[in-house]
Amino acid sequence: SHMFHTADEQSRYDLSKRAGRTRFTDWQIQKLQEFFEINAYPKDDDLDTLSKDLSLNPRVIVVWFQNQRQKARKSFENLPMENDDDSSGRYFKTPNLNYQCKECSHVFQRFIDLIKHQKEVCFKD
């Protein structure tokens with residue numbers, strides 16, 4: 001039922017439909033990232049608000065945040081380690097599975113909070 005001007009548009013449409021991928025606009029991404037910087041774990045009412053503001057399905061937003069947390073974790077884990085035998089040079093895992101900053105010994109329950117703290121406080125580049 002869509003009108004396509006070119007075969008290329010048609011194939012692009014089929015691709016995006018088949019993959020079930022949501023194409024975000026730059027503006028949507030920017031808004032999501034701004035929120036993520038403040039809070040990587042949006043609650044239901046946050047999702048409602050984001051969903052309304054950005055005209056996106058909340059489910060899509062949930063997946064975006066999951067992916068974003070995964071990326072943050074990966075990019076953090078791939079930071080060069082300070083020549084240190086411990087494989088994770090910047091933090092310790094505490095016995096109850098919290099994360100402790102080596103620099104200032106502050107303990108965080110969530111890895112994402114540790115990352116944020118280290119980016120902003122202990123390992124500002």
Side-chain angles (χ1 to χ4, degrees):
S1 66
H2 279 69
M3 287 297 300
F4 297 100
H5 302 291
T6 65
D8 185 49
E9 273 177 48
Q10 172 74 58
S11 65
R12 259 212 310 271
Y13 176 73
D14 289 344
L15 259 178
S16 65
K17 202 172 56 178
R18 187 170 63 241
R21 288 180 73 92
T22 300
R23 295 264 169 258
F24 296 101
T25 65
D26 291 344
W27 177 78
Q28 285 170 332
I29 296 274
Q30 185 193 334
K31 292 291 165 208
L32 288 167
Q33 278 171 341
E34 281 169 10
F35 189 97
F36 185 84
E37 289 297 318
I38 299 157
N39 176 13
Y41 293 84
K43 309 242 183 323
D44 285 348
D45 52 345
D46 296 325
L47 289 170
D48 287 344
T49 307
L50 284 166
S51 168
K52 286 195 189 72
D53 292 351
L54 305 178
S55 314
L56 288 169
N57 184 319
R59 180 78 208 125
V60 165
I61 298 174
V62 168
V63 172
W64 185 89
F65 273 88
Q66 287 170 343
N67 291 340
Q68 205 61 15
R69 290 196 297 264
Q70 184 65 25
K71 263 188 237 163
R73 219 169 279 130
K74 282 214 175 71
S75 67
F76 184 81
E77 284 164 359
N78 294 337
L79 287 174
M81 290 308 167
E82 324 301 306
N83 48 29
D84 188 325
D85 293 342
D86 183 341
S87 61
S88 48
R90 296 181 171 198
Y91 66 94
F92 301 106
K93 263 306 219 339
T94 64
N96 53 355
L97 295 180
N98 288 335
Y99 300 91
Q100 182 175 25
C101 179
K102 277 194 184 174
E103 196 70 13
C104 69
S105 301
H106 196 97
V107 173
F108 299 90
Q109 288 187 321
R110 299 189 306 202
F111 192 59
I112 198 93
D113 294 330
L114 170 89
I115 294 177
K116 196 168 176 242
H117 154 80
Q118 293 195 334
K119 269 206 297 223
E120 290 168 8
V121 185
C122 282
F123 293 93
K124 276 212 282 262
D125 289 346

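Starting from 1, each residue takes its place in the sequence as its number. Model, not experiment: these values are computed from the prediction.
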*OG1/Thr49 to CZ/Phe35 distance, rounded to the nearest 0.5 angstrom?*
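Reported value, rounded in 0.5 Å steps: 8.0 Å.
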*Does Lys116 use its side chain to pair, donor to acceptor, with the backbone of Glu37 at less than 3.5 Å?*
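Yes: the side chain of Lys116 pairs with the backbone of Glu37.
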_Using only atom types and a distance under 3.5 Å, with no angle test, would you say the side chain of Asp53 pairs donor to acceptor with the backbone of Leu50?_
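Answer holds: no.
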*Among all residues two or more places apart in sequence or in another chain, which pass the salt bridge (charged side-chain N to carboxylate O under 4.0 Å, His left out) test with Asp48?*
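For Asp48 there are no salt bridge (charged side-chain N to carboxylate O under 4.0 Å, His left out) partners, ignoring immediate neighbours.
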*asked:* For Leu32 and Phe65: C-alpha separation, side-chain torsions, deciding distance, then whether side-chain contact (heavy atoms from CB on, under 4.5 Å) applies.
replied: CA-CA 8 Å; Leu32 288 167; Phe65 273 88; 3.9 Å; yes
*Do you reckon Ile29 sits in the same ILVMFWY cluster as Val60, going by side-chain contacts under 4.5 Å, direct or chained?*
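Hydrophobic grouping puts Ile29 with Val60.
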*Are Tyr41 and Val62 linked, directly or through other ILVMFWY residues, by side chains that come within less than 4.5 angstrom of each other?*
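Same cluster: Tyr41 reaches Val62 through Ile, Leu, Val, Met, Phe, Trp or Tyr contacts under 4.5 Å.
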*Would Ile112 and Phe36 satisfy side-chain contact (heavy atoms from CB on, under 4.5 Å), going step by step from the backbone distance to the final call?*
CA-CA 10 Å; Ile112 198 93; Phe36 185 84; 3.9 Å; yes
*Please say whether more than 12 non-hydrogen atoms of neighbouring residues, nucleotides or ligands are located less than 6.0 Å from CG in Asp45.*
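Yes, the 6.0 Å shell around CG holds more than 12 heavy atoms from other groups.
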*Residues, nucleotides or ligands: over 12 heavy atoms within 6.0 Å of Asn67 CG*: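 Yes, the 6.0 Å shell around CG holds more than 12 heavy atoms from other groups.
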*May I have the step-by-step check of side-chain contact (heavy atoms from CB on, under 4.5 Å) for Leu54 and Trp27, ending in yes or no?*
CA-CA 9 Å; Leu54 305 178; Trp27 177 78; 3.6 Å; yes
*Taking atom types as modelled, find out whether Glu34 and Gln30 have a side-chain donor-acceptor pair closer than 3.5 angstrom.*
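A pair is found: one side chain offers a donor N or O, the other an acceptor, under 3.5 Å apart.
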_Does Leu56 form a side-chain contact (heavy atoms from CB on, under 4.5 Å) with Gln28? I'd like the steps, not just the answer._
CA-CA 9 Å; Leu56 288 169; Gln28 285 170 332; 3.5 Å; yes
*Which word best sums up how the rings of Phe24 and Trp64 line up, parallel for under 30°, tilted for 30 to 60°, or perpendicular for over 60°?*
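Aromatic pair Phe24/Trp64 classed perpendicular.
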*Give a yes/no verdict on a cation-pi contact between Arg73 and Phe111, requiring under 6.0 Å between NZ or CZ and the six-membered ring centre and an angle within 45° of the axis.*
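Output no; distance or angle outside limits.
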*At their closest point, which heavy atom of Pro42 faces which heavy atom of Arg69, and how far apart are they?*
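Scanning both residues, the minimum pair turns out to be CD-NH1, 4.5 Å.
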*So, do Ser51 and Ile61 sit near enough that their side-chain heavy atoms are less than 4.5 Å apart?*
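Ser51 reaches Ile61 side chain to side chain.
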